[in-house]
Amino acid sequence: EEVSTIFEDLVEDNSNSRIENEYSNIFKGRDVYVIHYESAQSFAMEQEFSDGPVTPFLNKMASEGLYFDNFYPQHSVGTSSDSEFTFNTSLLPINNGTVFITHADREYMSLQKLLKKEGYHTMSMHGNVGDFWNRNIMYEALDYDRFYSKDDYEIDEEIGLGLSDMSFFRQSIDIIKGLKEEDKDTPIMATLITLTNHYPFNDLEHYGEFNVDHMEDTDIANYFKSFHYADKALQSFIEGMDKEGLLDNAVVVLYGDHHAKISKEDFTLLYNYDETTGEFRHRDDPDYVSISGAFNKQLKRTPFIIWTKDQKVNEVVSTPMGMVDALPTLGNMLGIFNPYQLGKDMMNLEDNTVVFPDGDWVNNEYFYSASSSKLYGIESNELIEEPEAIIAEVDVDKKIELSNNIIDNNLIRYFNVLLANNKPNGHIVESDIDK
Ligand code: GP9
C-alpha cells in the first residue's frame, strides 16, 4: 500500500509539473556530450589577473549557451560520484554514505536507460582506474553500454591525480570519432569526467604559466593556475571535436561537480583586495567582505551550461537550481521523461527551493543553514531574526526522506512493476518482481 501511495504521489506530481514549453524536444536525437568538470567553481569564472581571465573559454561557452549561473551540485560525502548519481537519476545523494559504493545494487531510472530507449549508445570516459568510486559496478546500475577507464587510454602525460585533461580529451576525441565512423547513425551519449583540476592543485610545474598577481603564493592561486590549465584543455576538446565535425548535431552539457575546498582565509584575501590601494582590507574597514552565511554558500556554486555550436539556446537562467533539476531540464529538451524524478524542469520555474542532503536549503530570497539553524537573506546576507515561520514553510525532510526511501528500499524496482502493469492501486506481490 505504502509503495503504491508513494508511486502515485510521485508520478502524479511529475506528470502535473510536466509542461510543454519552447524547449521541448529541441535537442531530440542529437549526440549528447556531458563534461563532468572536476572542481569547477563559478566564482573563479569572475576572476581576472594581469595574465587575463582564469577561465576564458568556459566564460565563452557560458556566453554562447544556456548558462544556469545559480547552480548547486547538491553533493554529499560522495563528492564526484554523488554529482554523477544525481545528474543521471534526479535523486538526492544519501547523506550517511555514498550511493555509488553502498547502493550500487539498487534499480534506478537513469539518463542512460531513457536514452537507450531512444536508440542511443551510452558511455562514460575517465582517465582514472575503473573501480574508483566503484564506477565499474555502479555503471551497470545506471546501464551505461561502455566505460572507457584508465586501461583504455595511453597514460602518456600525467598531471595531478593522473592522466592529463589535454591527453584525456585528445584520446577521447579519437575514440568518439572512431565510433562515429563505424556507425554514423547511432546517436551517442558520452560522459567525459576530467581529473587534472583536483585538490590540492599543487602540480604547478605542469599547469603552465598563469600569473595571479597579488594572490600569488596562496592555495587559491594554485587553484586558479590549475583551473586555467583545465580551461585550455576544455578549449582543446571543443575545438578538436568541432574540427572533426562531431559538434554539428550535438549538445554539450557541462557541470562543475563540486567545490574545491578553498579556505575562508583565502576567500577573505580574494574578496578584500582593494584595487585602488593595492592593499587587503582589514575587518574594521567599512567595505570589508565577510565570508559567511549566504555568501559562503553561494561561493560553493558551480557552473551548469547547455551549449550547442549553433547557439540554439542562448540565455542566462538565475533561478536557484540543484543537480536534481538537471535531468528534468535536459530531458525535456531531449524528448525523454523520468517519471520518478525529484527535480523540476528549470525552464518552467521563476523560483525554486534547492534542498541539500544535509538539510540546508536555498531559494531566491533565503539561505537556511541546517547546522546552525540560521536563516540569511540572499541579497543582504543578514541574519533573519525570528525565522521560524519562514523555515516551517519549507518541508526539507519530505524530499530528503523520499529520496533516501527510494534508494534504501529499492522502490524503483516496485515502481517499474506498477508502471508496467498499470497497478497504481494494486498490491505488488513478490511474483510481480523479476527475480
Ligand atoms: C576520481 C575523480 C575525482 O576518479 O572523479 O573524484 P573526487 O575526489 O573529486 O570525488
Side-chain angles (χ1 to χ4, degrees), residues 33-42 44 71-89 92-104 112 123-142 144 146-155 157-169 171-172 190-203 206-207 219-220 222-223 226-227 229-231 233-234 237 253-263 299-304 323 326 356-358:
Y33 298 109
V34 178
I35 299 173
H36 173 116
Y37 208 25
E38 177 59 45
S39 299
Q41 277 184 254
S42 302
F71 174 77
Y72 297 84
Q74 284 179 298
H75 63 281
S76 182
V77 296
T79 53
S80 288
S81 69
D82 281 351
S83 298
E84 283 193 73
F85 174 70
T86 302
F87 175 81
N88 286 304
T89 62
L92 285 174
I94 56 175
N95 49 12
N96 58 350
T98 300
V99 171
F100 263 48
I101 294 174
T102 55
H103 293 75
Q112 292 71 26
M123 57 198 210
S124 181
M125 311 175 89
H126 185 42
N128 204 353
V129 291
D131 59 4
F132 199 100
W133 283 128
N134 199 39
R135 285 184 172 111
N136 276 333
I137 305 303
M138 182 65 194
Y139 281 178
E140 290 172 19
L142 293 178
Y144 272 114
R146 178 77 158 83
F147 178 24
Y148 294 91
S149 60
K150 184 172 184 178
D151 291 344
D152 297 290
Y153 288 86
E154 184 189 352
I155 310 303
E157 181 185 48
E158 294 193 277
I159 301 181
L161 278 191
L163 182 63
S164 72
D165 286 355
M166 283 284 187
S167 179
F168 165 69
F169 277 137
Q171 294 184 62
S172 296
T191 302
L192 296 103
I193 303 170
T194 64
L195 189 57
T196 300
N197 186 34
H198 193 281
Y199 185 82
F201 314 107
N202 61 358
D203 202 346
H206 293 117
Y207 297 144
D219 291 339
I220 204 170
N222 296 349
Y223 172 65
S226 169
F227 200 168
Y229 166 88
D231 188 72
L234 174 65
F237 174 67
V253 182
L254 179 145
Y255 62 80
D257 63 349
H258 54 71
H259 61 272
K261 290 191 269 190
I262 307 294
S263 70
L299 284 172
K300 293 183 171 59
R301 288 177 297 193
T302 67
F304 190 92
M323 185 69 91
F356 298 83
D358 63 1

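The structure presented is a predicted model; accordingly, all values stated were derived computationally and were not measured. Each residue takes its place number in the sequence, starting with 1. Computation of the quantities below employed the complete heavy-atom set of this structure, encompassing side-chain atoms and omitting hydrogens, waters and symmetry-equivalent molecules. Start at 1 and go down the list; that is how both ligands and their atoms are numbered.
- Remark: the Y255 side chain and the H36 side chain contain an N/O donor-acceptor pair separated by less than 3.5 Å.
- Shown here are the ring-ring contact (aromatic ring centres under 6.0 Å, His included) partners of Y229, two or more places apart in sequence or in another chain: there are none.
- Under the rule for a side chain to side chain donor-acceptor pair (under 3.5 Å), the partners of T191 that lie at least two apart in sequence or sit in another chain are Y144.
- In this structure, ligand 1 sits under 4.0 Å from heavy atoms belonging to E38, T79, S80, H126, N128, F132, W133, R135, L195, H198, H258.
- Judged by distance alone, the side chains of S80 and D257 do bring a donor and an acceptor atom under 3.5 Å apart.
- For S172, the side chain to side chain donor-acceptor pair (under 3.5 Å) partners at least two apart in sequence or on another chain are Y153.
- Taking the centre of each ring, Y72 and F356 come in below the 6.0 Å mark.
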